[in-house]
Amino acid sequence: MVREIVVYPDKRLKLVSKEVETFNGALHDLLDDMYDTMIQSNGVGLAAIQVGIDQRILIINEPNENDAQLRENTLEMINPVIIEKSGATKYQEGCLSVPGYYDDVERYQYVKVEYLDRNGQSHTIENDGFLAIAIQHEMDHLDGKVFVEKLSFTKRKRFEKEWKKRQKVS
Ligand SMILES: CC(=O)Oc1ccc(/C=C/C(=O)NCCc2ccccc2)cc1OC(C)=O
Ligand SMILES: [Co+2]
């Protein structure tokens with residue numbers, strides 16, 4: 001089912017999420033709910049803290065060449081750890097917890113990541129494209145960091161001004 005998305009500057013987004021210890025039906029239900037929630041909001045990535053669960057869980061679903069997001073293309077990462085990183089890249093990021101705001105964020109170009117799947121099986125993935133950016137963005141959420149906190153001083157000032165104005169209106 002679709003869950004409510006936690007919106008910036010909710011202080012839950014600053015929590016450091018805890019490692020997952022049990023790989024049971026409740027975990028599978030959460031992963032399925034995260035998928036429903038991400039797709040319904042037109043997202044390509046979501047961390048569990050964005051639906052209020054402070055566990056080290058993230059999902060990514062990159063649209064395919066026909067711009068379709070297929071369920072089987074969903075990458076589910078539990079307790080992910082970056083074991084290699086290199087290079088630098090910049091990409092205009094957005095976040096379902098900061099709806100309607102996009103800005104350039106600097107990231108590592110290449111990452112190699114170890115993680116567990118929904119059954120507790122270990123996997124290693126490496127990427128130097130869109131997926132590398134998405135993984136870094138979502139892993140930041142697991143450590144209580146939102147992309148707007150990585151902006152340069154001036155960009156951050158611009159964001160805060162815009163966001164305050166938006167809060168007054170809504
Ligand atoms: C108004 C509003 O909510 O705008 C949106 C903002 C962000 C998003 C989705 C952001 C998202 O999935 N971010 C995952 C992290 C990520 C960012 C950049 C590259 C890879 C991975 C969707 C929005 O809704 C629409 C209709 O576009
Ligand atoms: Co995000």
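As the structure lists them, so they are numbered: ligands from 1, and atoms in each ligand from 1.
- Ligand 1 has no atom lying under 4.0 Å from any heavy atom of M38.
- Judged by distance alone, with hydrogens and angles left aside, the side-chain atoms of T89 form no donor-acceptor pair with the main-chain N or O of Y108 at under 3.5 Å.
- If you number the atoms of ligand 1 from 1 as listed, the ones under 4.0 Å from a heavy atom of N42 come out as 9 (C), 22 (C), 25 (C), 26 (C).
- Near G45, with a cut-off below 4.0 Å to any heavy atom, the atoms of ligand 1 are 12 (O), 14 (C).
- A distance-only check finds a donor-acceptor pair linking the side chain of N79 to the backbone of V20 [under 3.5 Å].
- A ring-centre distance under 6.0 Å is found for F159 and Y8.
- A side-chain donor-acceptor contact under 3.5 Å links R56 to the backbone of S17.
- Counting only distance, with no hydrogens or angles, the side chain of S41 and the backbone of M38 share no donor-acceptor pair below 3.5 Å.
- The two residues L70 and N61 come nearest to each other via the heavy atoms O-ND2, 2.9 Å.
- Nearest to atom 19 (C) of ligand 1 among the protein's heavy atoms is Y91 CE2, 3.6 Å.
- Remark: ligand 1 atoms within the under-4.0 Å shell around heavy atoms of G43 are 9 (C), 12 (O).
- No donor-acceptor pair closer than 3.5 Å links the side chain of N66 to the backbone N or O of A68.
- For ligand 1, the polar-atom distance check against P99 finds no nitrogen or oxygen pair separated by under 3.5 Å.
- For ligand 1, the atoms closer than 4.0 angstrom to any heavy atom of F130 are 19 (C), 20 (C).
- Taking the ring centre of Y91 as origin, the terminal cationic atom of R107 falls outside the region bounded by 6.0 Å and 45° from the ring axis.
- Which parts of ligand 1 touch E138 is read off a 4.0 Å heavy-atom cut-off, strictly below it: atoms 14 (C), 15 (C).
- Atoms of ligand 1 found under 4.0 Å from any heavy atom of C95, numbered from 1 in the order shown, are 7 (C), 10 (C).
- Looking from atom 12 (O) of ligand 1 to the surrounding protein, the closest heavy atom is V44 N, 2.7 Å.
- Nearest protein neighbour of atom 1 (C) of ligand 1, counting heavy atoms only, is G100 N, 3.5 Å.
- For ligand 1, the atoms closer than 4.0 angstrom to any heavy atom of A134 are 20 (C), 21 (C).
- At least one donor-acceptor pair closer than 3.5 Å links the side chain of S97 to the backbone N or O of V6.
- For atom 8 (C) of ligand 1, the closest non-hydrogen atom of the protein is L96 CD2, 3.7 Å.
- In this structure, the side chains of R3 and I53 come closer than 4.5 Å at one or more pairs of heavy atoms.
- The protein non-hydrogen atom at the shortest distance from atom 13 (N) of ligand 1 is G94 O, 3.0 Å.
- Between the side chain of D36 and the main chain of V2, no donor-acceptor pair closer than 3.5 Å is present.
- For ligand 1, the polar-atom distance check finds an N/O of Y102 within less than 3.5 Å of one of the ligand's N/O atoms.
- Contact annotation for F147 and ligand 1: no heavy atom of the residue comes within less than 4.0 Å of the ligand.
- Close approach of ligand 1 to S41 is summarised as follows: ligand atoms under 4.0 Å from at least one heavy atom of the residue are 22 (C), 24 (O).
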